[in-house]
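Treat the numbers as computed from the prediction; the structure is a model and nothing was measured. Below, read A as the first sequence line, B as the second, and so on, with proteins coming before strands; counting in each chain starts at 1.
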Protein chains: 2
Amino acid sequence: MPPSNLDTPASGAGDGASPRDTKERLLDAAERLFAERGFEGTSMRAITQGAGTSVSAANYHFGSKEKLLQEAIRRATEPVNARRIELLDIAIAASEGAPLALETILDAYLRPVIEFRRANRPDEGRSIAARLFSDPPELIQPIKIEIFGPMTRRFSQALAETMPERGSLDIELGHQFLIGIMVYVISGQLESSSLAATHPEGVDEGLLLQRMIEFVAAGLRALPPA
Amino acid sequence: MPPSNLDTPASGAGDGASPRDTKERLLDAAERLFAERGFEGTSMRAITQGAGTSVSAANYHFGSKEKLLQEAIRRATEPVNARRIELLDIAIAASEGAPLALETILDAYLRPVIEFRRANRPDEGRSIAARLFSDPPELIQPIKIEIFGPMTRRFSQALAETMPERGSLDIELGHQFLIGIMVYVISGQLESSSLAATHPEGVDEGLLLQRMIEFVAAGLRALPPA
DNA sequence: GTCTATAGTTGGATAGAC
DNA sequence: GTCTATCCAACTATAGAC
């Protein structure tokens, strides 16, 4: 929005961090801290210290802590959902009218989650997207509706078309079970569970994606025909 | 622990609430509020107002906000886990050495969750147990280990014995997927999801239990033999 | 065992200089 | 656009009376 200045803005204590502009550094720190400790557990001071700037700079850019949370979630989730829809559209175009395989739909839904996670947060366990299910609903609901609503409807529709003999309640239930598994995984729970105790080497991401798809596909197929 | 007094203790502003003793009322209010808003989002003032008593009474009984959270989670989850193990033991005793059916194990795991939810929180959507996956790990981890560790090991073992041809990593993964679905459900997400939008009548609890068992059983059976 | 009152800290947000 | 300094509200925990 501002005329792109080739220099770093003015002065700023942002010398320790990367030289990207303050707004980006704030979003980075906010995403990391909100993901780890939630909205109420994270102070503006912690975020601005993490970004190497001041509380007033954050309020200048975002207006309030609540809007900063929403912007951080939006930035993290919008490209994932765009990619999901893109993969679904590609699959539909390739299918030439035939119903999609269940595994194809699930792959389009889950693969972008795993891949963006590796690309953007190579170290962190918990994604800020998981906070959509534990942070205060009044902050979270607008994002859910705006960013997730259209994508969710596309996948509900795709599932229903691929399993036309199932009731809509059962399909929605299965869809929700899929989301439950995904949220659990991106919450980093695998890393602090009995699985981590018995298998400290961790789980390969490709294998994890494959197992999630197999598991959910079988679960959905087990839903009774109406 | 104190000699059971037949009268209500002394005076107390607890006249609006039920006449049970202060400690119980505090745990009730804490369970409800921590479940809804999390540890950091809930103040001692809100809890003690909800219990019709004072902050100092709460600190007298529990020592700190953190211990109050841990006690509230313990009280809510211990009987559920005891019942799970009891159902598993009953099934094992009845099986006379034969491996248990997958559905029997899953029923023992999930049924107590659904039933205690209906019995104790007829109105509330979100269970405090769900906060085991979003509240600060340093508060939560001790409870997980103490209250959930033995129960989880029993069920991991039961799953492994019923599916001897599967690798332990895959069994643990499937176990974690089961937990993910259960956490999602007890977080009340079904009530604020696309499912609630399309099916505002809600889902019958018996049907929900049945569908969860079918879904997870099929998912587990889809795991590849080693 | 419970209260009122308060100590001591930390929080979000803003004013005003630069 | 960013800073320092500050306001004021809310928090946890405790002291001390009863």
Side-chain angles (χ1 to χ4, degrees), chain A residues 1-17 19-27 29-30 33-34 37-72 135-136 138-139, chain B residues 1-17 19-27 29-30 33-34 37-72 135-136 138-139:
Chain A
M1 236 74 128
S4 64
N5 194 334
L6 291 178
D7 293 324
T8 24
S11 62
D15 226 42
R20 299 194 326 299
D21 70 346
T22 300
K23 204 168 172 179
E24 282 278 308
R25 292 203 319 276
L26 278 167
L27 285 170
L33 289 167
F34 282 142
R37 309 211 260 255
F39 178 75
E40 315 266 15
T42 304
S43 70
M44 289 291 274
R45 284 171 164 80
I47 294 169
T48 53
Q49 278 176 27
T53 182
S54 66
V55 176
S56 39
N59 277 317
Y60 170 80
H61 284 293
F62 299 99
S64 71
K65 186 186 176 186
E66 296 171 10
K67 293 200 187 106
L68 174 53
L69 171 73
Q70 293 172 332
E71 209 48 55
D135 270 348
E138 63 273 18
L139 305 184
Chain B
M1 239 73 128
S4 64
N5 195 332
L6 292 179
D7 295 322
T8 23
S11 61
D15 225 43
R20 297 191 329 297
D21 70 347
T22 300
K23 203 166 172 180
E24 282 278 307
R25 292 202 319 277
L26 279 167
L27 286 170
L33 289 167
F34 282 142
R37 309 211 259 258
F39 179 76
E40 314 267 15
T42 304
S43 71
M44 289 291 274
R45 283 169 162 81
I47 294 169
T48 53
Q49 279 175 26
T53 183
S54 66
V55 176
S56 39
N59 277 315
Y60 170 80
H61 284 292
F62 299 100
S64 72
K65 185 186 176 186
E66 295 168 10
K67 293 200 186 108
L68 174 53
L69 171 73
Q70 293 171 332
E71 208 49 53
D135 270 347
E138 62 273 18
L139 305 184

Could you grab the distance from atom CE of B:M44 to atom NZ of B:K65, nearest 0.5 Å is fine?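 One finds 8.0 Å between CE of B:M44 and NZ of B:K65.
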Is there a donor N/O on one and an acceptor N/O on the other, under 3.5 Å, for the side chain of A:S56 and the base of D:dT4?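 Pair found.
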Relative to the 5' end of DNA chain D, which residue comes earlier, A:S54 or A:R45, by the nucleotide with the nearest heavy atom?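 Nearest-nucleotide comparison on DNA chain D picks A:S54.
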Need to verify one output field. Residue with the more 5' nearest nucleotide on DNA chain D, A:A57 or B:G63?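 First, find each residue's nearest nucleotide; the 5'-ward one identifies A:A57.
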Please check this pair: side chain of A:R45 against backbone of A:V55, looking for a donor-acceptor N/O pair closer than 3.5 Å.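 Flag not set: sc A:R45 to bb A:V55 has no pair under 3.5 Å.
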I need the [atom1]-[atom2] distance between [X] and [N], as an integer number of Å.
{"X": "A:K67", "N": "C:dG12", "atom1": "NZ", "atom2": "P", "result": "15 Å"}
{"X": "A:L26", "N": "D:dG1", "atom1": "CG", "atom2": "C1'", "result": "12 Å"}
{"X": "A:R20", "N": "D:dG1", "atom1": "CZ", "atom2": "C1'", "result": "17 Å"}
{"X": "A:H61", "N": "D:dT2", "atom1": "NE2", "atom2": "P", "result": "4 Å"}
{"X": "A:Q49", "N": "C:dG11", "atom1": "CD", "atom2": "P", "result": "9 Å"}
{"X": "A:F62", "N": "C:dT14", "atom1": "CZ", "atom2": "C1'", "result": "18 Å"}
{"X": "B:K65", "N": "C:dT10", "atom1": "NZ", "atom2": "C1'", "result": "13 Å"}
{"X": "A:E40", "N": "C:dG12", "atom1": "CD", "atom2": "C1'", "result": "12 Å"}

If you compare every side-chain N and O of B:Y60 against the phosphate oxygens of C:dT2 (OP1, OP2), does one of them come in below 4.0 Å?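 For B:Y60, the contact criterion (side-chain N or O under 4.0 Å from OP1 or OP2 of C:dT2) is not met.
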Looking at C:dG12, I'd like to know if its phosphate oxygens (OP1 or OP2) sit under 4.0 Å from a side-chain N or O belonging to A:S64.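 Indeed not, no polar side-chain atom of A:S64 lies that close.
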For A:E40, check salt bridge (Lys or Arg N to Asp or Glu O under 4.0 Å) against everything at least two apart and list the hits.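 Checked A:E40 against salt bridge (Lys or Arg N to Asp or Glu O under 4.0 Å); zero matches.
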Any base atoms under 4.0 Å from A:T48, or only sugar-phosphate, or nothing? Heavy atoms, all strands.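 Answer is nothing: A:T48 stays at 4.0 Å or more from every strand.
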What nucleic acid atoms does B:S43 come within less than 4.0 Å of, heavy atoms only: base, sugar-phosphate, or nothing?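 B:S43: backbone/sugar contact only, no base atoms under 4.0 Å.
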The side chain of B:V55 lies closest to which of these nucleotides: D:dA13, C:dT2, C:dT14?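 When the side chain of B:V55 is considered, D:dA13 is the closest of D:dA13, C:dT2, C:dT14.
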By nearest atom, which of the nucleotides C:dT14, D:dA13, C:dG12 is closest to the A:M44 side chain?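 Nearest listed nucleotide: C:dG12.
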Mind listing the closest non-hydrogen atom pair of A:L26 and A:I47 along with its distance?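 Result for this residue pair: O-CG2, 4.0 Å.
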Which atoms form the tightest heavy-atom contact between A:D135 and A:F39, and what is the distance?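 Nearest pair, atom of A:D135 first, then A:F39: OD1-N, 3.0 Å.
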